Structure formats: structure tokens, C-alpha cells
Participant: 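The structure's right below; bear with me while I get my questions together.
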There are 2 protein chains.
Amino acid sequence: MVVANMVVTSLFVANMFVTLGAMTPSNERPSRRERPAKPALTRDGIIQAALAIARADGLEKVTMRRVAEQLDTGAASLYVYVRNTADLHAAMLDEILATVDLTPATAAGPWRQRLAAVLTSYSLVLFANPALAQSAMASRPSGPNYLSLIECLLTLLKAGGVPDDQAAWGVDLLMLYATGIAAEQGALSGRAEAHDEYHALVAALRGADTARYPEIARLADQLVSDGDRLAWGFQAVIAGIAATPR
Amino acid sequence: MVVANMVVTSLFVANMFVTLGAMTPSNERPSRRERPAKPALTRDGIIQAALAIARADGLEKVTMRRVAEQLDTGAASLYVYVRNTADLHAAMLDEILATVDLTPATAAGPWRQRLAAVLTSYSLVLFANPALAQSAMASRPSGPNYLSLIECLLTLLKAGGVPDDQAAWGVDLLMLYATGIAAEQGALSGRAEAHDEYHALVAALRGADTARYPEIARLADQLVSDGDRLAWGFQAVIAGIAATPR
DNA sequence: ACCTGAACACCGTTCAAGT
DNA sequence: ACCTGAACACCGTTCAAGT
């Protein structure tokens, strides 16, 4: 508990509050010890601590030892609740998927816009936890929140009259795009050197040899142009799914 | 050099051959030492050794210490040629991108088929080196081989009459899809537990609660059905790019 | 049943000292 | 300039011993 960070601080403040509360007359059985007992170890507590570290310092800092330190215990103790690091990552992902907004599925409006809204919400959730997007890419979630999302996408594709076989394969495409774009963004915002990499790419595109890479040179500005790429991308993929028979 | 593997073996055989060759009369200056000197350390040698380890045991086994061991030296020695682990991974990726088949760009046939052929080649290259697909997802390559691939895609989109602005954003979509699908597959074939995860997902889809997930239950077989998903996906994304104005 | 300290078998990276 | 051994500051996971 040497490193100061926001999580530790807020825990400390919370503990202070509890301690102060315990000193008011309304509290009948004050703890015998000065400092309140540390919270009992639970799977959920471990996942929350891990998520806090991931948001603050990136997924690569979510190590068993660091999570344990945050919870004022030893790494070995975590293995009662978590099988291994991969299990922890999967649990973290499942946890944040609960916050995806699925309400557009039953709202009014054109189905393509509603589908894009759900996908955008999913991408934004992963953007907010950029480190997890990469593990979402690599793992195969099968938790209830993931299933709800898939169900939601299938319902909207059906509402749009997309044939069943195209819809079934289409959800893979949509999820791959939504997850992939968040993973890319996650990599960009996560690592310090990623900005250098991005600028190296922009420089490479802008300064591309006109003879060897004529199209890149011609379209350099378009290639790196700003705009609502996310919305356009969703509409393009949706249109492709709807228009392409198997 | 305790662990036996194919790379070590083939290096040994190669060394044997050199030794035998050195004993023939045609060789004027035989080495004073019995065993031939180990090959000089080069950046390319390091990358090749790293790729061999990645193919054999996965990217997570490509550690500085393991690559160094393979090359019969210490990890510290690699830092003369490689800045850090990320640099090594980027160099490995650039190396394999050289093997992508870009010839469909100038071949005969419908542009959509030729575009899909190039993308399929790219995906297959990443499939053959599954561990690198994930790092391709996270990093921003800007090497000459990457630029050639982008140039190729832009040329084919232009041949198809896709408007410049859609083509410029479209290459991102195509690359994201082609890279993402390989990264998924790479994760699947790379880790032992990934098969369990996949079967858990299939079981979760097949056994989905009919009341809660009616669409998943209805389409379970379609969702996990075999077929040329890669080709269909490329056609769908291409169609979407061509049909969706900004 | 849960928790712990200690151990095992690893990592990436740096650096002074050698050649 | 290149290479090396040793060190530093970490990892995940296991396990016997405690409560």
C-alpha cells in the first residue's frame, strides 16, 4: 500500500467516514479496534479492485500481486476466488458488459439506427475500459450479459427483415467490428508509445512515395481524416449484411 | 539449450553440414575450432528465431531470454539490435507481411473477387502465425509491406468505382475485419483453454433459455454453422463500403 | 474453508566491465 | 562496437502450514 492512487485514497476516505460514523452516539457497538477490519475478500471485490487498477493504469498492471496488494492481502489468497489471470480478465469483461445500453432494441425509430445505437453503446463501454477491449478480442465470452447483447442484435436484424442465415453470421461481423475498433482505440490510448506509432503511420501515409504508393499519396488526407467513422462503419457493415446473400 | 525442438535440431543439422563441408579438400581454410562458430548475431537472425518460437509455442513464449537462449547468447545481447519486446513484435509482424500475395491486384477478374483474394491472403498469413494477429490488432504497423497492402486495397476499390472518401475509410474497415478474424482464430488455436471457451460458448448458445433468449435459441444452429464465413464476410464488408455514402 | 508466507520458475531491462 | 554476467524489480502459481 505504498503507491498512492485514487482508489486507495477513496477507500481511505470511505474508511474515515465509517470511523467517524462509529464515533457518533447513534452507534451502539463500536469496534474494539481503532481501524475498521478490512473488507472480507470476495470474488466481486477482487473484480472491482482489478477493474479500478485497469482503468487507472491499464490491463497489464492488473497482476495478481497488485490486486492482492490493493486488497491488503497476498496474491495466493486470490486463488480461492479466481482460477487464474485469464479467469480474472474474463470476469472483468463480463462485469462491464452489464453496463451496455440495450434499450434501443425496444425503442422507436428505424432499425438501423437502433442497431447502431446498441453497438455504439457496446463500443463506448469498451472505450471506457480500453484495456479490456483487447481481451474481449481474444477471449470467447459466454456470460449472460454477452448473450443478452447477441439476443438484442438478432432481434434488431430480424426487425429489419434480414434473412436468418445472414443475421446469424452477421452478428459475428458486427461484434468483430465493434470490438476491434475499441481494441484499436484501447491500444492507442493505453500505451505511451502508441501515439508515436500513430504519428509514424500518419507521417508514413503523408510522406508516401508518390511513385510507389500513388493511391496512398493521393488519398493521404482522406485516410487520416476525422469524422464519425464509427457511425459510418456500423452503417456500412449493417448494409453489407443486409445486402449479401449466402 | 536443454529443451529439444525442431529449430534447434535443424540448426544442428545445418551446422553438421557446414562441418562436413569444411572437411572436403575443396575447402582451403578449415576452422581451427572443431565446432563452427555460432552465427553472428543480426537483427534479422533475432527476428527469424523469434518467429520460429512463435510458430512453435506461441507469441507468449517469445521472450527475450528464450530468443537469446535459442541464439546461444544472453538476453542483454539482443538489446544491441532490438529496442524492446514491442519493437521485436513489430519487426516480426512486418517480416511476415512480406509474404502476402498482392498479385490479384493486377490479375483479371471481377474487382470484388480480387479484393477478397488479397484480403484472404493477408488473413491466411496471420492464421499461419496466429500469435501475431493479436499484436497486429494492437499495434499500428507503418512498414513498407503494410503500405503496399493498403495501396493494393485502394487500387482495387478504385477499380471498382468506389468513391474516394468511402474507399479511404473503407480500407480501415477491411483491415480491421481481416485482422480481427485472424486474431480471433489465433486466440482460438493458440491457447489450450480456448477450445473449452469455444465449447462453452456453443453450449451456451445451444442451451440458451428459450424465454430469455428466443432469437439465440431459434438460430443456435445457424450461429455456429460451418461454411465459408471468411469469404461471405469480405463480400458483405465490401458491399457495405461500396453502398454507404458518407 | 479460508488465508498466509515462502518458494519455484520464470519475466524485461539496465549497466558496469570486458573484448 | 559489440557482448556478457550480474543485478534489479518484477511476474503467476503452488503448497505446506496455519486459523
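Hydrogens, waters and symmetry mates are skipped; everything else that's a heavy atom, side chains included, is used. Remember, predicted model here, so these are calculated numbers, not experimental data.
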Participant: On DNA chain C, nearest-nucleotide positions of B:Ala76 versus A:Gly74: which is more 5'?
Facilitator: A:Gly74
Participant: Between the main-chain N or O of B:Leu97 and the side-chain N or O of B:Tyr146, is there a donor-acceptor pair closer than 3.5 Å?
Facilitator: no
Participant: Please measure how far the P atom in D:dA9 lies from the corresponding atom in C:dA9, and state the result in whole Å.
Facilitator: 23 Å
Participant: Applying the Watson-Crick and G-U wobble criteria at under 3.5 Å, what pairs with D:dG12? Answer none if nothing qualifies.
Facilitator: C:dC8
Participant: Give a yes or no on whether A:Arg83 atom CZ has more than 12 heavy-atom contacts from other residues, nucleotides or ligands under 6.0 Å away.
Facilitator: no
Participant: Can you tell me the pairing partner of D:dC2 across any strand shown, Watson-Crick or G-U wobble, with both distances under 3.5 angstrom?
Facilitator: C:dG18
Participant: Between A:Tyr177 and A:Phe234, does the ring centre distance come in under 6.0 Å?
Facilitator: yes
Participant: Under 4.0 Å from any heavy atom of chain A: name the first and the last nucleotide of DNA chain D that qualifies, 5' to 3'.
Facilitator: D:dC11 to D:dC15
Participant: Could you say whether A:Val80 or A:Arg65 is positioned toward the 5' end of DNA chain C, judged by the nucleotide with the nearest heavy atom to each?
Facilitator: A:Val80
Participant: Give, for atom CG of B:Leu71 and atom CG of B:Leu78, the distance between the pair rounded to the nearest 0.5 Å.
Facilitator: 7.0 Å
Participant: Is there a side-chain contact between A:Gln48 and A:Glu95 in this structure, where contact means two heavy atoms from C-beta onward sitting under 4.5 Å apart?
Facilitator: yes
Participant: Checking all strands, does A:Thr63 fall into the base, sugar-phosphate, or nothing category for heavy-atom contacts under 4.0 angstrom?
Facilitator: sugar-phosphate
Participant: Answer yes if the side chains of A:Thr179 and A:Tyr122 hold a donor-acceptor pair under 3.5 Å, and no otherwise.
Facilitator: yes
